[in-house]
Amino acid sequence: MKHFLKPIVVLFACGSMIARSATWDGGGANDLFLNPANWVGDVLPANGQDLPIFPVTAPQKQVNLGGGRFFERFILEGGYRLYNGRMVVFGGGPGAEVTSTGNNILDADYGTEAWGNDVKLIQATGGTLTVNGSSSGFQKSIELRALGTIQVNGQVAPGGGHAFYKTGLGIARFSASAGLTGAPGGRFVSQGTLIMNATANSAAAWTVDGGKIAGTGTLQSALSAGATRGSSVAPGDPAIADGIGTLSITGNVSLGNETTLEVQIGNAGACDVLAVTGNLSLAAKTALWVRVAPGTTPSCSYTVVTHTGARSGQLVLLDAPAGTAVDYSTPGQIRIVVGAPPVADNIVFPPGSGVLDVTQ
């Protein structure tokens with residue numbers, strides 16, 4: 001007797017089930033996520049299976065989560081505010097993402113579980129993802145991939161032995177009310193700008209490798225920068241005009257050959273400061289870039305670096321006002337001294353001033 005076996009086709013999606021899309025249309029009488037009338041076809045997305053999409057065309061853009069919602073991805077296409085609950089993202093492959101286009105607000109907490117990949121908050125160019133919620137139950141690494149801006153106002157706490165990453169060419173900005181804890185696997189800035197106006201605890205060291213770290217907050221662990229060209233450390237807040245301030249680091253700081261220290265100076269000695277509680281190591285080609293705040297006529301000295309431990313190496317002046325010199329004479333400080341501006345040419349003295357023009 002012949003036996004015929006029917007072929008069996010098994011589909012894998014990078015370790016997770018293939019998700020169906022479910023599209024929000026906001027057609028219900030309220031803003032509840034669990035109201036079927038708010039979804040195309042009046043069918044709720046199934047937790048852990050479907051892919052919820054929130055399109056820019058929907059008339060209702062307030063979304064009351066009403067509790068924990070488990071999906072591999074959330075896709076926000078602009079103008080949305082999600083609140084009252086927890087967004088749990090998980091899955092394999094390129095999943096485990098909150099993807100934002102345009103301007104969106106997360107007033108909900110967010111997190112992941114022990115399975116699946118690291119979690120990414122992704123913001124497209126030209127928009128802002130405002131994250132007011134805090135990470136909750138985070139058992140994986142977290143990546144802020146900003147092509148536009150990610151504004152963080154809550155607590156970020158990657159768990160376990162995992163890490164924190166800033167990628168993308170845009171800005172991720174922590175407000176003073178935010179914070180970063182955990183991430184014992186390390187904190188890495190590889191692209192764009194991370195502006196830390198918050199406190200980051202001492203769980204892991206910082207590595208700046210091709211990106212920029214800036215801000216007016218406190219990093220309670222060591223920092224190294226400079227393995228990749230384009231790495232920079234910039235005290236103050238470069239995202240706002242005249243954003244002069246102090247970036248404090250509790251731990252040793254090492255700035256390599258590919259690193260630029262960026263500082264802004266203003267009037268009356270006001271300037272950005274890199275305040276290091278620890279040793280400061282400068283490589284042979286560590287650069288110093290001095291920017292002048294708008295409306296400033298620099299003509300004095302500025303303390304741009306302080307350090308409580310030993311210093312090795314010196315800075316190479318990359319760009320600065322004419323007549324600028326770097327001064328290391330005060331222990332525990334690096335100062336820049338800007339000379340008085342040169343006397344302008346073509347000065348004209350009025351008749352009877354008593355000045356004799358000897359060129360005539």
* Asked: When clusters are formed by joining ILVMFWY residues with side-chain heavy atoms under 4.5 Å apart, either directly or through shared neighbours, do V290 and L315 land in the same one?
  -> yes
* Parallel, tilted or perpendicular: ring planes of F33 versus F54, cut at 30 and 60 degrees -> tilted
* T167 vs S190 side-chain heavy atoms within contact, under 4.5 Å -> yes
* For the side chain of S231 and the backbone of T259, is there at least one donor-acceptor N/O pair under 3.5 Å apart? -> no
* Structure fact -> Rounded to the nearest 0.5 Å, the CG atom of L223 sits from the CG atom of L255 at a distance of 7.0 Å
* Asked: For the residue pair R311 and G313, what are the closest heavy atoms and their distance?
  -> NH1-O, 2.5 Å
* Compare all side-chain heavy atoms of R145 with those of K120 and state whether any distance is below 4.5 angstrom. => yes
* To do: Give the intermediate values and the outcome of side chain to side chain contact (heavy atoms under 4.5 Å, CB included) for residues W289 and V263.
  => CA-CA 6 Å; W289 179 20; V263 296; over 6 Å; no
* Scan side-chain atoms only and decide if N197 and D237 contain a donor-acceptor pair under the 3.5 Å cut-off. => yes
* Asked: Between OG1 of T149 and CG of L129, what distance do you get to the nearest 0.5 Å?
  -> 10.0 Å
* Is it true that the NZ or CZ of R81 lies under 6.0 Å from the centre of Y83's six-membered ring and within 45 degrees of the ring axis? -> yes
* Asked: Which pair of heavy atoms, one from S221 and one from A205, lies closest together, and at what distance?
  -> OG-CA, 3.9 Å
* Main-chain N/O of G102 paired to Q123 side chain as donor or acceptor, under 3.5 Å -> yes
* Check: L65 main-chain N/O paired with R69 side-chain donor or acceptor under 3.5 Å -> yes
* Interatomic spacing from CD1 in I171 to NZ in K212 - rounded to 0.5 Å -> 8.5 Å
* **Flag, side chain of T23 to backbone of I53, donor-acceptor distance under 3.5 Å** => no
* **Pairwise distance CG(L282) to NE2(H307) - rounded to 0.5 angstrom** => 8.0 Å
* Any sub-3.5 Å donor-acceptor pair from N104's side-chain atoms to S100's backbone N or O? -> no
* **Cluster overlap V89 with V156, hydrophobic side-chain contacts below 4.5 Å** => yes
* Asked: Hey, does the side chain of S281 reach the backbone of S254 with a donor-acceptor pair shorter than 3.5 angstrom?
  -> no
* **Test item: T286 side-chain N/O and G256 main-chain N/O as donor-acceptor pair under 3.5 Å** => yes
* Could you go step by step and tell me if Q314 and Y328 meet the side chain to side chain contact (heavy atoms under 4.5 Å, CB included) rule? -> CA-CA 9 Å; Q314 296 187 353; Y328 304 94; 3.3 Å; yes
* Indicate yes or no: at least one non-hydrogen side-chain atom of L82 is less than 4.5 angstrom from one of D107. => no
* Going by distance alone, is a donor N or O of one side chain under 3.5 Å from an acceptor N or O of the other, for D209 and T228? -> yes
* Flag, side chain of N47 to backbone of F70, donor-acceptor distance under 3.5 Å -> yes
* Which heavy atom of A157 sits nearest a heavy atom of S135, and at what distance? -> N-OG, 2.8 Å
* **Transitive ILVMFWY side-chain link I213 to I142, under 4.5 Å** => yes
* Evaluate the criterion side chain to side chain contact (heavy atoms under 4.5 Å, CB included) for residue pair M196 and L219; output intermediate values, then yes/no. => CA-CA 8 Å; M196 285 296 299; L219 312 182; 4.2 Å; yes
* Name the one of T181, T199, L180, T277 that satisfies side-chain contact (heavy atoms from CB on, under 4.5 Å) with Q220? -> T199
* Asked: So, N153 versus S175: side-chain donor-acceptor pair below 3.5 Å or not?
  -> yes
* Asked: So do T303 and I334 actually touch side chain to side chain, heavy atoms under 4.5 Å?
  -> no
* Step by step, work out the salt bridge (Lys or Arg N to Asp or Glu O under 4.0 Å) result for K61 and D31. => CA-CA 8 Å; K61 295 187 178 181; D31 63 358; over 6 Å; no
* How far apart are the closest heavy atoms of D50 and A22, and which atoms are they? -> CB-CB, 4.3 Å
* If two hydrophobic side chains count as joined below 4.5 Å and joins carry through other members, does V337 share a cluster with L317? -> no
* Below 4.5 Å, heavy atoms only, C-beta onward: do N103 and Y80 meet side chain to side chain? -> no
* Any side-chain heavy-atom pair of L106 and T130 under 4.5 Å -> no
* Does a donor on one side chain and an acceptor on the other come within less than 3.5 Å for D327 and S329? -> yes
* Kindly determine whether L274 and L261 satisfy side chain to side chain contact (heavy atoms under 4.5 Å, CB included), including the steps that lead there. => CA-CA 9 Å; L274 178 64; L261 174 61; 4.1 Å; yes
* Tell me whether the centres of the aromatic rings in W206 and F188 are closer together than 6.0 Å. => no
* When the ring centroid of W24 is compared with that of F74, is the distance short of 6.0 Å? -> no
* Structure fact -> Result for side-chain contact (heavy atoms from CB on, under 4.5 Å) between F174 and one of V131, I195, L144 points to L144
* N279 vs V253 side-chain heavy atoms within contact, under 4.5 Å -> no
* State, yes or no, whether a side-chain contact exists between P321 and V292 at a heavy-atom distance under 4.5 Å. => yes
* Judged by atom type as modelled, is there a donor-acceptor pair below 3.5 Å linking the side chain of Q60 to the main-chain atoms of Q62? -> yes
* Asked: How far does NZ of K140 sit from NE2 of H162, to the nearest 0.5 angstrom?
  -> 4.5 Å
* Salt bridge present between K166 and E143 (N-O < 4.0 angstrom) -> no
* Asked: Is the backbone of K285 close enough, under 3.5 Å, to the side chain of N257 for a donor and an acceptor to pair up by distance?
  -> yes
* **Euclidean distance, L44 CG relative to L32 CG, rounded to 0.5 Å** => 10.5 Å
* **Cluster link L280 to V304, ILVMFWY, side chain under 4.5 Å** => yes
